Protein chains: 2
Amino acid sequence: MAGKKPSPERRSECPLNASVEMLGDRWSLLIIRDMMLRGFRTYKEFMECYEGIATNILADRLRKLVAYGIIRAEADPADGRKLIYLLTKKGIDLAPVLTEMVLWAAGHEETGNQALVRLMRKDKEKFLAGVREGWASRQLHRAPAPRG
Amino acid sequence: MAGKKPSPERRSECPLNASVEMLGDRWSLLIIRDMMLRGFRTYKEFMECYEGIATNILADRLRKLVAYGIIRAEADPADGRKLIYLLTKKGIDLAPVLTEMVLWAAGHEETGNQALVRLMRKDKEKFLAGVREGWASRQLHRAPAPRG
DNA sequence: TTTATTACTTGCATTATGCAAGTTAAATTT
DNA sequence: AAATTTAACTTGCATAATGCAAGTAATAAA
């Protein structure tokens with residue numbers, strides 16, 4: 001198994017705590033949502049996030065997500081200014097977490113994006129398979145995301 | 001449907017954002033874990049959380065979780081000093097979220113509590129049914145939690 | 001009636017977040 | 001080729017959240 005790090009200074013060994021320490025803030029999961037469901041891949045695109053993330057926070061979260069192995073960055077061969085951020089396997093594996101969080105909120109709060117919710121509810125497994133294959137964002141949005 | 005509140009000032013209508021605004025911090029989900037999986041019900045018990053929550057933060061999070069309708073508090077008829085905190089339906093419905101977060105971390109990080117992880121992996125649906133029926137905490141821990 | 005317990009609150013230091021402006025390198029326009 | 005844009009940040013500073021230690025009020029136990 002490549003990629004299981006011992007992690008030096010966790011508050012506890014609990015796997016939920018590990019998730020919370022990596023993802024338990026107001027922005028990380030929203031960035032992952034924009035990558036997974038909206039096909040966003042560049043800094044500038046992430047700045048267009050509905051919720052209005054601050055630029056220094058975005059830079060910090062991208063750095064941390066890379067450090068955790070949830071996303072990776074590579075240079076755009078077509079444009080030397082751009083970095084392209086991509087979900088790793090570990091990042092794509094967050095799809096079930098995002099899905100359950102969406103379904104929970106949609107079931108208990110007044111929320112929008114009912115198209116997404118319906119898709120998730122109708123066939124959760126199919127939706128997750130779609131995310132793994134990378135078509136979820138194109139399915140749901142204008143999705144300019146070409147394959148990496 | 002009782003209990004769907006319009007929520008005045010969300011950063012966006014996205015259901016994931018709604019979840020993140022309610023649960024996206026370093027403590028809320030750990031408190032819910034301790035209620036759901038360890039059978040904790042009082043302030044003093046929550047203070048024993050593995051990760052060492054500060055008392056003012058605990059008070060704040062309990063207040064917010066009550067305000068969100070995720071937990072509720074009732075007086076202990078047997079001891080006037082005690083308040084008993086209980087998960088609502090909305091709170092119990094977080095079981096799939098917690099489960100996926102646990103499985104994700106356990107699959108990608110070095111973590112402990114493998115008994116819990118095995119139970120979740122072996123039969124996720126059965127585990128979730130157990131949480132709903134309230135036996136999960138007794139299954140997994142010393143669990144002094146009698147029924148409410 | 002004194003001591004303990006429970007569930008907090010308060011005050012203050014530290015850390016994280018948010019906002020506006022500035023920087024660097026690479027591309028595009030003139 | 002020079003000037004302007006664009007992309008991806010960084011920096012500085014104000015505000016908010018978190019963490020720590022100590023204190024408080026109500027009830028219960030000794």
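A quick note: this is a predicted structure, and the numbers were derived from the prediction, not measured. Numbered from 1 within each chain, the chains take letters A, B, ... in sequence-line order.
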Euclidean distance, atom NZ of residue B:Lys82 to atom P of C:dT5 [Å, nearest integer]: 12 Å
My understanding is that only residues two or more places apart in sequence, or in another chain, count here; which of them pass side chain to side chain donor-acceptor pair (under 3.5 Å) with A:Arg61? A:Asp25
Are the side chain of A:Gln114 and the backbone of A:Thr111 linked by a donor-acceptor contact shorter than 3.5 Å? yes
Could you tell me if the side chain of A:Ile31 sits less than 4.5 Å from the side chain of A:Leu65, heavy atoms only? yes
Decide whether a cation-pi geometry holds between A:Arg38 and A:Phe46; the criteria are a distance under 6.0 Å from NZ or CZ to the six-membered ring centre and an angle within 45° of the ring axis. no
Interatomic distance where CD1 belongs to A:Ile84 and P belongs to D:dA7 [whole Å]: 13 Å
Tell me the salt bridge (Lys or Arg N to Asp or Glu O under 4.0 Å) pairs involving residues 96-108 of chain B, sequence neighbours left out? B:Glu100-B:Lys124
For DNA chain C, find the residues of residues 15-28 of chain B with a heavy-atom distance under 4.0 Å and give them by number; none if there aren't any. none
May I ask you to establish whether A:Arg33 and A:Trp27 are in a cation-pi arrangement, using a distance under 6.0 Å from NZ or CZ to the six-membered ring centre and at most 45° from the ring axis? no
Nearest whole Å is fine: how far is C:dC8 C1' from B:Lys64 NZ? 16 Å
Between CG of B:Leu83 and C1' of C:dT9 the distance, given in whole Å, is 15 Å
Sorted by chain and residue number, the side chain to side chain donor-acceptor pair (under 3.5 Å) partners of A:Asp123 (sequence neighbours excluded) come out as none
Sorted by chain and residue number, the side chain to side chain donor-acceptor pair (under 3.5 Å) partners of A:Arg72 (sequence neighbours excluded) come out as A:Glu74
From CG of A:Asp60 over to C1' of D:dT11, roughly how many Å is that when rounded to an integer? 14 Å
Protein-to-nucleotide contact annotation, 5' to 3' order, nucleotides 19-30 of chain C [B base; S sugar-phosphate only; - none; under 4.0 Å, heavy atom]: BBB----BS---
Taking CE from B:Met47 and C1' from C:dT6, how many angstroms apart are they, rounded to a whole number? 12 Å
Can you tell me the distance, in whole Å, between the CD atom of B:Glu45 and the P atom of C:dT5? 16 Å
Taking any heavy-atom pair under 4.0 Å as a contact, classify B:Phe46: base, sugar-phosphate, or nothing. nothing
